[in-house]
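Heavy atoms only: backbone and side chains are in, while hydrogens, waters and symmetry mates are out. Residue numbering restarts at 1 for every chain, and letters A, B, ... go by the order of the sequence lines.
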There are 2 protein chains.
Amino acid sequence: MTHAHDETAPVDWAERASERLALAGYRRGGARHNLIRLLAAQRCALSAAELQEALAHEQRSVSRASVYRILEELERAELVARIEVGQGIVRFEPIRHGAGHHHHLVCDHCGRLIPFSDEGLERELERVSERVPLVVAEHDVILRGECAACSEHA
Amino acid sequence: MTHAHDETAPVDWAERASERLALAGYRRGGARHNLIRLLAAQRCALSAAELQEALAHEQRSVSRASVYRILEELERAELVARIEVGQGIVRFEPIRHGAGHHHHLVCDHCGRLIPFSDEGLERELERVSERVPLVVAEHDVILRGECAACSEHA
DNA sequence: CAATTGATGAGACAAGGTCTTATATTTGTG
DNA sequence: CACAAATATAAGACCTTGTCTCATCAATTG
């Protein structure tokens, strides 16, 4: 089944993330708490700059260094995924199990990022991953083109 | 069939690129000529900085602005693909038809980029592309993990 | 609650990428 | 073939993203 997915975000990602970081020996600082809270509320990927801005905007400023450091910790703990797409911008998003796993459509015209998922594609990726000279840990699929809104305006 | 591919690069990509740009109304400047010539000789993606450096090294310097401008022209003409992979590095490579089409393996450890191709995966991507709310022009698949060399050293 | 150790913020720094402008080249025309 | 018009290019200022260091601050532990 292929579809733009729109399940509501599981609420417990934040808990899972905090717990796993704590187990890994990290302390529960304010910056970490705020950033995890913000990430948990997102449906799709945000850039580091957008994250910092959003935090500042809600009176919970976190320094740039902390944003990057915490994102790196989360990435290493496989709690967030790094997505690189269009214009060299790097974005980050929470990794959720099963239902939340998705890939991205990118509109070359307006830059919009749209999540989608497809089971057949996943199976194919797993198959390919085992026939390749690399121990595969992650995969990314990006489809680029023109989104519905932009096609209409044309 | 899945394999690290190593066909020799078709020689005529440079001609095709020059022609198509000329038809699009661009003049034939030296910078453009040199950059196209260099790209045509590549098997896999290079970053803008690597391209500029390579040109300088062979006494055919092209300014940074020109490198980016020309890459943008080539990208719009669908003659080069932009590949974003690890650490926010953007790389560019010529788009060739059929045999040359490939995707990328990235070693998270040493950053090495390895091309691969797989027919089944292509078919699957085509299928998915038609079931998605976007008119798909291109696709990218990136598999990340640890390459053979890095696994050994571990 | 004091000491220790890790977390954070501030800002210097580096690299990648964009933009402007003066100069050099290409191309069309007489 | 020379000239004019228009585009291409180089150089470098500038901005944005991401990294690093260090002084300060807060969470833990006994």
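The base of D/dG18 sits within donor-acceptor range of the side chain of A/R64, with an N or O pair under 3.5 Å.
Of the two residues contacting DNA chain D, namely A/A49 and A/A65, the nearest-nucleotide position lying further toward the 5' end is that of A/A49. Between B/R60 and A/G29, the residue whose closest nucleotide on DNA chain D is further toward the 5' end is B/R60. For the pair A/R69 and B/A48, both in contact range of DNA chain C, the more 5′-proximal nearest nucleotide belongs to A/R69.
Within the 4.5 Å cutoff, the side chain of B/V141 has heavy atoms near those of the A/L125 side chain. Side-chain contact between A/V62 and A/L51 is absent, with no heavy atoms from C-beta onward closer than 4.5 Å. Contact check for A/E124 versus B/D118: side-chain heavy atoms found under the 4.5 Å cut-off.
Within 4.0 Å of A/G25, counting heavy atoms only, lies no atom of the nucleic acid at all. Residue A/A31 is classed as a sugar-phosphate contact, given heavy-atom separations below 4.0 Å to backbone atoms only. Residue contacts for B/S47: at a heavy-atom cut-off of 4.0 Å it reaches no nucleic acid atom on any strand shown.
B/R20 places a side-chain N or O within donor-acceptor distance of the main-chain N or O of B/A77, the cut-off being under 3.5 Å. Remark: side-chain polar atoms of B/R32 are paired, donor with acceptor, to backbone N or O of B/R27 under 3.5 angstrom.
Checking the phosphate oxygens (OP1, OP2) of C/dT8, a side-chain nitrogen or oxygen of A/R32 falls inside 4.0 Å. Of the side-chain N and O atoms in B/S66, none sit less than 4.0 angstrom from OP1 or OP2 of D/dT9. For D/dG18, the OP1/OP2 oxygens have a side-chain nitrogen or oxygen of A/Y68 closer than 4.0 Å.
With rounding to whole Å, B/E84 atom CD is found 15 Å from D/dG18 atom C1'. Going from atom CG of B/L23 over to atom P of C/dT27 covers 13 Å, rounded to whole Å. Rounded to an integer number of Å, the gap from B/N34 CG to D/dA10 P is 9 Å. Atom-to-atom, CD of B/E72 to P of C/dC19 comes out at 9 Å; the value is rounded to the nearest Å. In this structure, CZ of B/R91 is placed 15 Å from C1' of C/dA15, rounded to the nearest angstrom. If you take CZ of A/F92 and P of D/dT17, they are 12 Å apart, rounded to a whole angstrom. One atom, CD of B/Q52, and another, C1' of C/dA15, lie 13 Å apart when rounded to the nearest Å. One can place CG of B/L51 at 11 Å from P of C/dG17, the figure rounded to the nearest angstrom.
Both B/F92 and B/Y26 belong to a single network of hydrophobic side chains, linked directly or stepwise wherever heavy atoms of I, L, V, M, F, W or Y lie under 4.5 Å apart.
In the model, A/E122 has a side-chain atom that pairs as donor or acceptor with a side-chain atom of A/H139 under 3.5 Å.
Put simply, the residue from A/E72, A/E73, A/E78 that forms a salt bridge (Lys or Arg N to Asp or Glu O under 4.0 Å) with A/R76 is A/E72.
Over its length, the helix from C/dC1-D/dG30 to C/dG30-D/dC1 turns its helix axis by 30°, as judged from the five terminal pairs at each end, rounded to 10°.
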